[in-house]
Amino acid sequence: MRPIRRRGWEITGERLTPERVVLGRRRLLAGLAGALAAAPPSAFAQGRDPMAWWEAQLAADPTRGLYPAPRSSAYPLDRPLTEPRHAIAYNNFYEFGAQKDIWRTAQRLETRPWTVTIDGLVPSPRTVDIDDLIRRFPLEERTYRFRCVEGWAMAVPWVGFPLADLIRWVEPLGSARYVVFESFQNPRIAPGFRQTWYPWPYLEGFTLAEAMNELSLIVVGIYGRPLPPQLGAPIRVITPWKYGFKQPKSVVRITFTDRRPVGFWERLQPHEYGFWANVNPAVPHPRWSQATERMLGTDERRPTLIWNGYGEWVAGLYEGLRHERLFA
Ligand code: MTE
């Protein structure tokens, strides 16, 4: 989802290399060479292997005892699960860079301590510790299809709890019409924030009816363990009938409002990305077709399914909204 509006004279932060960084890097490389020579082979392997990184993080995760979560059989898949090594090493997480291989940079994300603020049109705004939040609701595993607007897809077992459970817990006021999720913003650890043409922080929102739909999930884990940072640890949102850009990662704020929010990509390129962003093979992106999708880690192309195959659960949400741009 490359932005197309960057002006020619703008140089990305990555291309600017101040002198002190060059000098510092030389010192660092000299030190690193020594450290690598002394390091055990497993540490070296971990450096290049996202699965090994994930494995190493597990021991320190305070929620690891909650896994495995019971698997729900309500949402059967029509395709094999994507291998974890592909799902955890091919990501969109622009806070850490615009490439797909940001998994290593994303390890800088500090996922504890972590709080989530719930505010806006609620009777009692609150800030909750992530571990209290995760323990508040029973976790379950659901296998869902996932479709990125760029044309790649995967099928993964998410672990989480229904967003509807959280909404019932906070009891938003009757005037609330939308719920907005805001991602973390810490320029100290994530280089993407230096790219000031992006409308940080990343945010996305849904109507309350969409958020209350049984498919909408607050996700805290995948493949039977807590999320790795590159997938949006410690908490993200999944609405599987929508394109992937509607699924914000590493959420720190949930706001109930009466105004339709403008999401990160819609703010950047409103002619390409809209509020609803429901998957539809018949509505092309302005720059490419959406008729088929490539399954991550394979050469297989599959036909794209309308509503990503979840029409049975969600088509009714959109009756009477045909005048809206539902599928972009
Ligand atoms: N959330 C944040 N905070 N930042 C992002 O750049 N990218 C979105 C979405 N959520 C993004 C984000 C896009 S474009 C996609 S396709 C999915 O995350 C990718 O999720 P995955 O990397 O877990 O597959």
Side-chain angles (χ1 to χ4, degrees), residues 1-7 10 12-14 90-100 102-103 105-106 109 116-120 146-152 163 177-208 210-211 216-219 227 229-257 259-279 285-288 290 308 324-328:
M1 357 203 350
R2 293 230 160 246
I4 52 174
R5 294 203 308 186
R6 188 184 309 160
R7 282 147 291 192
E10 286 180 322
T12 71
E14 284 150 349
Y90 188 94
N91 303 101
N92 276 333
F93 203 164
Y94 278 69
E95 289 85 336
F96 293 102
Q99 293 76 33
K100 302 293 179 224
I102 52 76
W103 71 264
T105 316
L109 186 68
V116 179
T117 297
I118 302 172
D119 62 6
F146 178 101
R147 173 60 153 81
C148 176
V149 75
E150 295 163 336
W152 54 270
L163 173 51
R177 292 276 173 275
Y178 301 92
V179 54
V180 183
F181 296 86
E182 186 180 309
S183 296
F184 87 104
Q185 192 169 9
N186 182 350
R188 194 171 48 79
I189 55 152
F193 294 113
R194 284 194 299 239
Q195 302 187 326
T196 50
W197 57 88
Y198 288 119
W200 305 114
Y202 198 98
L203 64 82
E204 265 307 338
F206 309 92
T207 64
L208 220 47
E210 290 178 318
S216 300
L217 207 59
I218 294 281
V219 165
L227 286 172
Q230 64 271 34
L231 268 89
I235 182 169
R236 77 179 295 180
V237 180
I238 289 293
T239 48
W241 69 100
K242 293 179 178 286
Y243 288 116
F245 74 89
K246 292 289 298 185
Q247 338 255 320
K249 297 178 167 184
S250 305
V251 167
V252 294
R253 184 180 295 273
I254 303 175
T255 304
F256 291 84
T257 168
R259 292 220 203 124
R260 186 192 284 195
V262 181
F264 180 86
W265 287 103
E266 186 182 4
R267 191 168 294 283
L268 201 62
Q269 288 169 202
H271 51 293
E272 299 198 340
Y273 306 106
F275 171 74
W276 301 99
N278 298 313
V279 176
H285 183 279
R287 289 183 277 150
W288 57 83
Q290 295 291 23
N308 205 19
E324 295 268 351
R325 256 174 86 209
L326 289 174
F327 298 105

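Not measured: the values here are computed from a predicted model.
- For Ser183 (side chain) and Val251 (main-chain N/O), no donor-acceptor pair under 3.5 Å exists by modelled atom type.
- For the pair Lys246 (side chain) and Gly205 (backbone), a donor-acceptor distance under 3.5 Å is present.
- The heavy-atom pair separating Ser250 from Pro229 by the smallest distance is OG-O, 4.5 Å.
- Here the closest heavy-atom approach between residue Leu227 and residue Ile235 is recorded as CD1-N, 4.4 Å.
- Distance alone, capped at 3.5 Å, places no donor-acceptor pair between the Trp200 side chain and the Arg194 backbone.
- Lys100 and Asn91 share no donor-acceptor pair across their side chains, judged by distance under 3.5 Å alone.
- Remark: Arg147 pairs with Glu293 by the salt bridge (Lys or Arg N to Asp or Glu O under 4.0 Å) rule, at least two apart or across chains.
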Requested in this report: Might you work through the side chain to side chain contact (heavy atoms under 4.5 Å, CB included) test for Arg267 and Tyr273, ending with a clear yes or no?
Outcome: CA-CA 8 Å; Arg267 191 168 294 283; Tyr273 306 106; over 6 Å; no
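- Geometrically, Lys249 does not engage Tyr202 in a cation-pi contact, judged by NZ or CZ lying under 6.0 Å from the ring centre and within 45° of the ring axis.
- For Lys242, the salt bridge (Lys or Arg N to Asp or Glu O under 4.0 Å) criterion is met by Glu210, not counting sequence neighbours.
- Distance check: Trp265 CH2 to Tyr94 OH gives 4.0 Å after rounding to the nearest 0.5 Å.
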Query raised in the report: Trp152 and Phe146: side chain to side chain contact (heavy atoms under 4.5 Å, CB included), yes or no, with the steps?
Result: CA-CA 9 Å; Trp152 54 270; Phe146 178 101; 3.9 Å; yes
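- Here the side chain of Gln230 pairs no donor or acceptor atom with the backbone of Ile102 at under 3.5 angstrom.
- Shown here are the salt bridge (Lys or Arg N to Asp or Glu O under 4.0 Å) partners of Arg177, two or more places apart in sequence or in another chain: there are none.
- Note that the CG atom of Leu203 and the CD atom of Glu266 stand 10.5 Å from one another [nearest 0.5 Å].
- In this view, Pro261 and Tyr178, Val180, Phe275 satisfy the side-chain contact (heavy atoms from CB on, under 4.5 Å) rule, not counting sequence neighbours.
- Judged purely by atom type and a 3.5 angstrom limit, Asn308 uses its side chain to pair as donor or acceptor with the backbone of Pro240.
- Residues that satisfy the side-chain hydrogen bond (donor to acceptor under 3.5 Å, both in side chains) test with Arg325, not counting sequence neighbours, are absent from this structure.
- Under the rule for a salt bridge (Lys or Arg N to Asp or Glu O under 4.0 Å), the partners of Arg188 that lie at least two apart in sequence or sit in another chain are Glu110.
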Query raised in the report: Yes or no on side chain to side chain contact (heavy atoms under 4.5 Å, CB included) for Thr207 and Trp276, after CA distance, side-chain angles and deciding distance?
Result: CA-CA 9 Å; Thr207 64; Trp276 301 99; 3.6 Å; yes
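- The minimum heavy-atom distance linking Asn92 with Cys148 is given by the pair ND2-SG, 3.8 Å.
- Each of Phe193, Phe184, Trp103 was checked for a ring-ring contact (aromatic ring centres under 6.0 Å, His included) with Phe96, and the lone residue meeting it is Phe184.
- Between the Trp197 side chain and the Leu268 main chain, no donor and acceptor come within less than 3.5 Å of each other.
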